[in-house]
Amino acid sequence: MAGVMEKSVDVVIVGAGVAGLVAARDLIRSGTDVLVLEARDRVGGRLLNGQLPGGAPIEVGGQWVGPTQHNAMKLIRELGLRTYPTYGEGEHIGEFGTSRCRYTGRIPKLNPLVLADIGQTQYRLDRIARQVAATDPWRAPHAEELDRQTFDTWLRRTARTTGGRDFFRLVTEAVFSTEPEDMSALWAAFYVGAAGGLDPLINVTGGAQQDRVVGGTQRIALELAEELGDRVLLEAPVTDIDWQPTATTGVRVTTRSGLTVRARRAVVAVPPPLAARIRFTPGLPGDRDQLVQRMPTGRVIKVNVAYEEPFWRHAGLSGQANSTHRPLGTVLDNTPHDGSCGVLVGFLEGRHADAGSRMDPGERRAQVIHDLVGYFGPLARDPLAYIERDWAEEEYSRGCYGAFAVPGTLTRFGPALRRPVGPLHWAGTETATRWAGYIDGAAESGHRVADEILPKLS
Ligand SMILES: Cc1cc2nc3c(=O)[nH]c(=O)nc-3n(C[C@H](O)[C@H](O)[C@H](O)COP(=O)(O)OP(=O)(O)OC[C@H]3O[C@@H](n4cnc5c(N)ncnc54)[C@H](O)[C@@H]3O)c2cc1C
């Protein structure tokens, strides 16, 4: 490819995350000539393997998969990858308000009033989520009413106790990496519905955190890219997309280095806020532009802390800990498959990521270790390695885990999320109808966009 400044293909795909790579694979298997342009010097986007002191891979981005994530699980099987369960034996630690408990199973030991409040709030959220069709949430029975309010407003009206509201703030941070007051209640209901309920979202066993991929989850993208070979071009950030409203005339996509790719169709497989940074000529229809202006990303700093061994297991602890008041609100055992060391993974999410990113690295690390010592005792004080990634600092992610919609977005502009514009098609986990925001949703969107394009090429 060196020296070539112009190229023609049937379909050009912007972004080599799971969505873009799955779309490329499907299209190529149907005999389509495809080129994937990836801004970074690697594939995988929000999936990235780091390295532990002994060389074992450790995920610094997306990692878990779970039951009902059929697209992700099928992909993993097809690529010849294997999964293994997240460690969860022993007691979990819960710090809710002023109380601290050790518990097994799903339900922490809490004040019965708070527990009942959490139960009824979850029941109502699940019930609303079931009414919100994941394909067109803007048509749900109470869509307008839900989309007029933030998730925080809905929670304040629904949860009766301070403990219940604090619990759902923690859940919002853990699931959406943003705060309830940032997000539309309709988006929250859509997202919960797309996962099949709140339990599948927050549970380890039986939920989205159940399994890990041997070799690290980025292997999904690495194996896909291996299959695609030179049809994936790295270090090719797309700056401009020229298109014609009549689909037959196609697109011209330009990268920062000046490479021009002409194609009959283009797939934009990047998160909405990143799509908003590409210059489209002519400009996109107002609905599409307004939509991406209203879909910011959450914010997360993911931290893996490695120890000689998983010492918490010897104390009968699972490594799973949650707190409504610590910045490191969620922690899990992330010991690698080869067991070469013990690893705890923790997340600074939403407002805690805001604050964490303003600290200098030493201060942030001290804060994280302080919380781990608070959960697991003094043995947490001296790690072998401390590996962190602030996803808001990533030029081609600009935040994580994914984008969400602010109030008024879905009901006013929702249909523009997936609706093609002339020869332009939209993929990425945010466009999924099941498990939006997850690897599974990214894979679904890749398949969907390929199915959308293939009939148009014949
Ligand atoms: C810390 C963290 C933890 C997570 N945990 C989980 C988890 O446990 N389970 C789970 O299922 N999901 C998890 N996720 C979410 C999951 O990683 C994503 O849903 C999924 O990887 C999204 O894939 P995608 O292809 O839609 O988007 P992306 O992975 O964002 O891919 C988009 C690609 O487009 C590229 N790009 C952007 N702009 C341009 C441009 N202008 N030109 C060319 N290329 C461009 C990017 O570099 C990127 O490679 C997590 C994410 C993070 C960050």
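Order of appearance sets the numbers: ligands from 1, and atoms from 1 within every ligand. Positions are given from 1, in the same order as the sequence printed here.
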Closest protein heavy atom (residue, atom, distance) for atom 27 (O) of ligand 1: Arg46 NH2, 3.0 Å

Min N/O separation Lys302 to ligand 1 under 3.5 Å: no

Identity and separation of the nearest protein heavy atom to atom 25 (O) of ligand 1: Ala19 N, 3.0 Å

Nearest protein heavy atom with distance in Å, relative to atom 26 (O) of ligand 1: Thr429 N, 2.9 Å

Salt bridge (Lys or Arg N to Asp or Glu O under 4.0 Å) pairs, two or more places apart, involving residues 184-193: none

Heavy atom of Gly441, distance to ligand 1 below 4.0 Å: no

Heavy atom of the protein closest to atom 31 (O) of ligand 1 (residue, atom name, distance): Gly17 CA, 3.4 Å

Nearest protein heavy atom with distance in Å, relative to atom 7 (C) of ligand 1: Gln63 N, 3.4 Å

Within reach of ligand 1, part of Leu37 (heavy-atom separation under 4.0 Å): backbone

Backbone N/O of Arg351 and side chain of Glu179: donor-acceptor pair under 3.5 Å: yes

Contacts of type salt bridge (charged side-chain N to carboxylate O under 4.0 Å, His left out), residue Glu95, not counting sequence neighbours: Arg100, Arg326

Contact with ligand 1 for Asp440, non-hydrogen, under 4.0 angstrom: no

Atoms in ligand 1 flagged as close to Cys400, the criterion being non-hydrogen separation under 4.0 Å: 53 (C)

Ile278, any N or O under 3.5 Å of ligand 1 N or O: no

Atom 4 (C) of ligand 1 [closest protein heavy-atom partner, distance rounded to 0.1 Å]: Gly62 CA, 3.1 Å

Ser397 near ligand 1 by a heavy-atom separation under 4.0 Å: no

Contact (N/O only, under 3.5 Å) between Pro237 and ligand 1: no

Location of contacts on Trp64 toward ligand 1, heavy atoms closer than 4.0 Å: both

Winner among Gly61, Ala39, Ala269 once heavy atoms are compared against atom 43 (C) of ligand 1: Ala39

Ligand-side contact atoms (ligand 1) for residue partner Gly428, heavy atom cut-off under 4.0 Å: 26 (O)

Minimum-distance pair of heavy atoms, taken over all atoms of Pro53 and Leu384: CG-CB, 4.3 Å

Proximity flag Pro271 to ligand 1, non-hydrogen atoms under 4.0 Å: yes

Shortest reach to atom 19 (O) of ligand 1 by a heavy atom, considering only Gly446, Gly437, Ala442: Gly437

Pair Ser357, Arg299: side-chain N/O donor-acceptor within cut-off below 3.5 Å: yes

Residue and atom name of the nearest protein heavy atom (relative to atom 47 (O) of ligand 1), distance in Å to one decimal: Glu38 OE2, 2.6 Å

Option of least heavy-atom distance to atom 39 (C) of ligand 1 (set: Val270, Ile13, Leu47): Val270

Trp391-ligand 1 polar pair, N/O distance under 3.5 Å: no

Element-labelled atoms of ligand 1 that are located less than 4.0 Å from some non-hydrogen atom of Ile439: 10 (C), 11 (O), 12 (N), 19 (O)

Check: Val238 N/O within less than 3.5 Å of ligand 1 N/O: yes

